[in-house]
Each structure stands twice: as structure tokens, then as C-alpha cells.
2 protein chains.
Amino acid sequence: MGRQIKRLCVMGKCEQCIVRQFSALRALDKDELMRMSNCKTSHSVKKGEALFEEGDHINGVFCIKSGICKLTKLSPNGKNQIVKFIKRGDLLGQRSLISDEAVNLSAVAIDEMEVCFIPKEEVMRFFKENSKFNAEIIKDICHDLKLADDAIVEMAQKSVKQRLAGALLEFEEEFGVDKEQYLKVSLSREEISNVVGTATESLIRMLSDFSKKGMLETNGKKIKIANRTELERVAEGF
Amino acid sequence: MGRQIKRLCVMGKCEQCIVRQFSALRALDKDELMRMSNCKTSHSVKKGEALFEEGDHINGVFCIKSGICKLTKLSPNGKNQIVKFIKRGDLLGQRSLISDEAVNLSAVAIDEMEVCFIPKEEVMRFFKENSKFNAEIIKDICHDLKLADDAIVEMAQKSVKQRLAGALLEFEEEFGVDKEQYLKVSLSREEISNVVGTATESLIRMLSDFSKKGMLETNGKKIKIANRTELERVAEGF
DNA sequence: AAAAAAATATGATATTTGTCACCTAAGTAG
DNA sequence: CTACTTAGGTGACAAATATCATATTTTTTT
């Protein structure tokens, strides 16, 4: 855990990469994409490895081709809070690049990941010269800010039980389910507790309580939502 | 509570207004300031009045000349969470303008306020044509996002007691104290509980507990920090 | 000034959540 | 395979926080 990535991979062409359609990179034209192809590097990241850590100065952004990572922040009391998940199609690192500050969160893979790294100079050039790209990036950041405000309210006003129910529903919505309906994201109990902001033991109890009440089915680490309606009611506070 | 503002005031010239130095507006040149002077409107806002409410579409930004307002969000369970305070020199509404969405928070005066309203068209024109202004606005938004991430962690990982101690210290730092060392912001117990995210009764108990232990002195609504070192220790979790 | 309304305060009690100790199952390195 | 390590799980209990009822004080309205 915590090792920085090094592994380099075969490079594909950005022009042909579908993943860019999911992010602000969709605003780039052919010339810009070709320029990007030439300066980007591709990496594979193993589960548990960090793309960057709180306090790092990164000099570029990551474009996620596959896999999922968690953005975490260490609280003064030593616990790790998961603030957000980043997945295929997302960009990572824009905020720090634009405001020219150290990153305030660590990014750790919870999956095997494939990512491309686009150097700062190139990104900032697009940012300054391509007003459509500029607007898309800013919209993303504004959206993140809105989500963060929502999260503050959620944390401050909802019980752990409500937050857990909400988190499970979000996992389903954001990452989907496999053929057997199990959530695709595979998180340890500790990681889930770091999303919800509670003690691991409390979380485990609540999970088995939800199972007892027929809202979930678990199979080892795997979790399946068995009664969405009821889980939604719990998330709303009933 | 909740009435929209109407009162118009005498207009000053933006060129001569010191307050603009505190925000992104400092990036505007003389011509731009004169143009702004001609299209802005000045308003006075009474305590308890809303500048806008969650869900509104605002078509401009506010520049705060004096006074303080709270940004609040109604949680599904009917409680009001205070997410942030806005004070003299701050701009308000940029995010919604730029991302062209409804505002996600309500802004309610906790003080008598004087504000100027600058219409959307003008702001967006500066935003598009003045790259320094553009950069300043974006930096502000990025900074807000960073603060919001911090707040999520704080809410999720700290106890109510820690959060209260932290909030009081922030009140002192952000708004200062009067000649007798009392905090300048005057919030009701309910408002403080809406900052910290707890029940009003619990908050009152904690305040008097802090007083009993010599960390605070209270006089009606007024609060004075009597032992900062100790309060800081509590905020850190000791 | 009196009455009404709102804010502050306190007690009793229930509920939620955390902590510690410990145990079992599962995965991993030698 | 076996020892070791880590994650998952449970019980007992303590601490934190919410809730409800009810004073008391302050503010506002009449």
C-alpha cells in the first residue's frame, strides 16, 4: 500500500480511445488529440497502489481507462475518510493543476487500473487555448463542489444507518452489478466504514442487520441489494 | 424569514469601492469597473432575509459590501445545515452562474447586509474576455472545493465536541472579536447547532460544559473564548 | 406594561455509536 | 502443508448524542 506507480504500458492513440468521450477531453480536436498522444504516458496500477498522495505536487492529470480508485483523506485522529470514487472515463488531478496547489487527497486503486498521464504543460495549454475544454473542466469542478456540499449535509444530518443505506444504493448506481446481481465494486468492510464514517465493527453489525431484515444478501465480500425499496426507505430515515 | 430582497439603495462607484479588492473583481480594469458601475444595483438586506433560496435560478452575482450571510441546505429530515459563511468582500453565486444550474444552497442574512448585484451578462462577459478575472474566479471555486472536502472529513470523523470547539475557533479567526473579546458573529444556539450538525439541546449542554471548564465565557448570546489553548486541544480530540 | 412567542436551559431517558476483548475464517508466505 | 497474518464477525459494555418534557428567560407584539 502506498507505493507510487512506475509500470509503463504500450501506448494507444488518444484519437481512437473511446474513454475520452466521457470527460472534458471530448472537447479536444484532432490536432490536439494527436499532440496529446505523443506526450502522454500509459500506466497500469495494481490494487492498493497510490496514483498520488495527500500533499504531493502532481504535474499532470490522469485519465482513467479502466478500474476504480478511491480518493481518501487522513483525518487528524488517524482514520482514513473516503471522499469520492473515480472510475473509467474520469479525469483526476485537474483541480490541483488549475489552482497550482498540492493535492489535498490521496488516490489509491481499489482495482487493477489502466490510466494515462497527461503532463501539466499540455493540459494547461489546452485549458488556456481551447475555450470549450476550459468550460468543460470548470463545469466538472463546479459539479464536484455541488456534490461535496451535499456530502457535508449528509454527513452532518444523517445517521450512520441512513448513510450506509445511501452508500450501498450509490454503489449500485455508480458501478452496477454483475450477472448474479452482486455489486461490482468490491470493498472491504473497513473501506465501507471509511466511506460512511463509522467504526468497522459498527458497520459490520449494520450490514448483518440489513441482511437479517432482507434488504441485503452477502456472500463473503460480495453484497447484493435484495430489497431496494426498503433500503431507500432506510436511507430516507424511516 | 425567507422573504426576497427588494430594497434599493444609493449607488456608489465600483471604481472607488475598496471591497472589490478582496475578490476576483480585483482583476477588472478601469473600463470594466465603470461598465459594472452602470449596470449593478445596490441593496440592503435585513437580518433573516434571503438573497436567494435553494433551487432558485439567479441571474447575477452578489458582491458583499458589509454584513454576513449563511449558506444553508435543507436536509431531507427537515433540518437546516449551515455549509459556509459569506462575508464582506466575498462574491456569491459564481458557481451557479458558471455551471448554469439552479443554486444548491440558500443564502440568508444573519446581519444587516449591504450587497451589490451584478447581472449575469456582465459577469459572464468579464469571465470570457478577461483571463485574469477568469483565473481568479476558478481559483476561488477550486479553493471552495478543497474546503468542502475538508469539511466532509471533519463531519465524518470528528465528534460533536471536536466540531464545536473547531467552529468556535473558526468564528474567532474568520470574524474577529469586539473590544470586550466577544465573538463578533452573533449566532443563535440553533444556528450554531446547524453549523456543527447536532441537536440544539446537545449543543447548549456542550457550550455550558465548555464554560464550566473555563474555555468559554458567555453573556446572553455573546460568547468569548477564554482559553484558546485548551479549546484547540479539545478540537484536536483530547 | 401585559401578553404572547421564541430562545435558552435542564432533567430524565432512550437510542446510537464506539471501544475493547476475543474468536473464527480466509488468504499468504515460507 | 503449516504457521502467520489479516479480514470478518460477535459480545459486553461505555460513551456520545438525540429526544421529549418542562422550566425559565428573553424578545417581540399588542
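Just so you know, these numbers use all the heavy atoms, side chains as well, and skip hydrogens, waters and symmetry mates. So you know, we letter chains A, B, ... as the sequences are listed, proteins then strands, and number each from 1.
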Item to check | Interatomic spacing from CD in B:Glu232 to CD in B:Glu230 - rounded to 0.5 Å | outcome: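 These two atoms lie 10.0 Å from each other.
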
Checklist entry - At what distance, to the nearest 0.5 angstrom, does CD1 of A:Ile58 lie from CD of A:Gln94? => result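 Answer for the CD1-CD pair, A:Ile58 versus A:Gln94, is 8.5 Å.
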
[X] has an atom [atom1]; how far is it from atom [atom2] of [N], in whole Å?
| X | N | atom1 | atom2 | result |
| --- | --- | --- | --- | --- |
| B:Lys221 | C:dA6 | NZ | P | 14 Å |
| A:Gln162 | C:dT16 | CD | C1' | 12 Å |
| A:Lys212 | D:dT10 | NZ | P | 7 Å |
| A:Asn77 | C:dG18 | CG | C1' | 12 Å |
| B:Leu164 | D:dA18 | CG | P | 12 Å |
| A:Phe210 | D:dG8 | CZ | C1' | 18 Å |

Item to check | Sorted by number, the residues of residues 181-209 of chain B with heavy-atom contact under 4.0 Å to DNA chain D | outcome: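 Of all residues in residues 181-209 of chain B, the ones placing a heavy atom under 4.0 Å from DNA chain D are B:Thr198, B:Ala199, B:Glu201, B:Ser202, B:Arg205, B:Met206.
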
Next on the checklist: When you measure from the centre of the six-membered ring of B:Phe175, is the NZ or CZ of B:Lys184 closer than 6.0 Å and no more than 45° off the axis?
Outcome noted: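 No, B:Lys184 and B:Phe175 do not form such a contact.
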
Next on the checklist: I need the single residue from A:Gln81, A:Lys79, A:Lys73 that forms a side chain to side chain donor-acceptor pair (under 3.5 Å) with B:Gln157. Which is it?
Outcome noted: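 Only one option passes, and that is A:Gln81.
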
Next on the checklist: Given A:Arg95, which partner from the list A:Asn104, A:Asp140, A:Asp144 fulfils the side chain to side chain donor-acceptor pair (under 3.5 Å) test?
Outcome noted: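 It is A:Asn104, the one option of A:Asn104, A:Asp140, A:Asp144 that forms the side chain to side chain donor-acceptor pair (under 3.5 Å) with A:Arg95.
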
Checklist entry - Between C:dT19 and A:Lys79, is there an OP1 or OP2 to side-chain N/O distance shorter than 4.0 Å? => result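 Yes, such a contact exists.
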
Item to check | Side-chain donor-acceptor pair present, A:Ser188, A:Glu190, cut-off under 3.5 Å | outcome: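 No, no side-chain donor-acceptor contact under 3.5 Å.
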
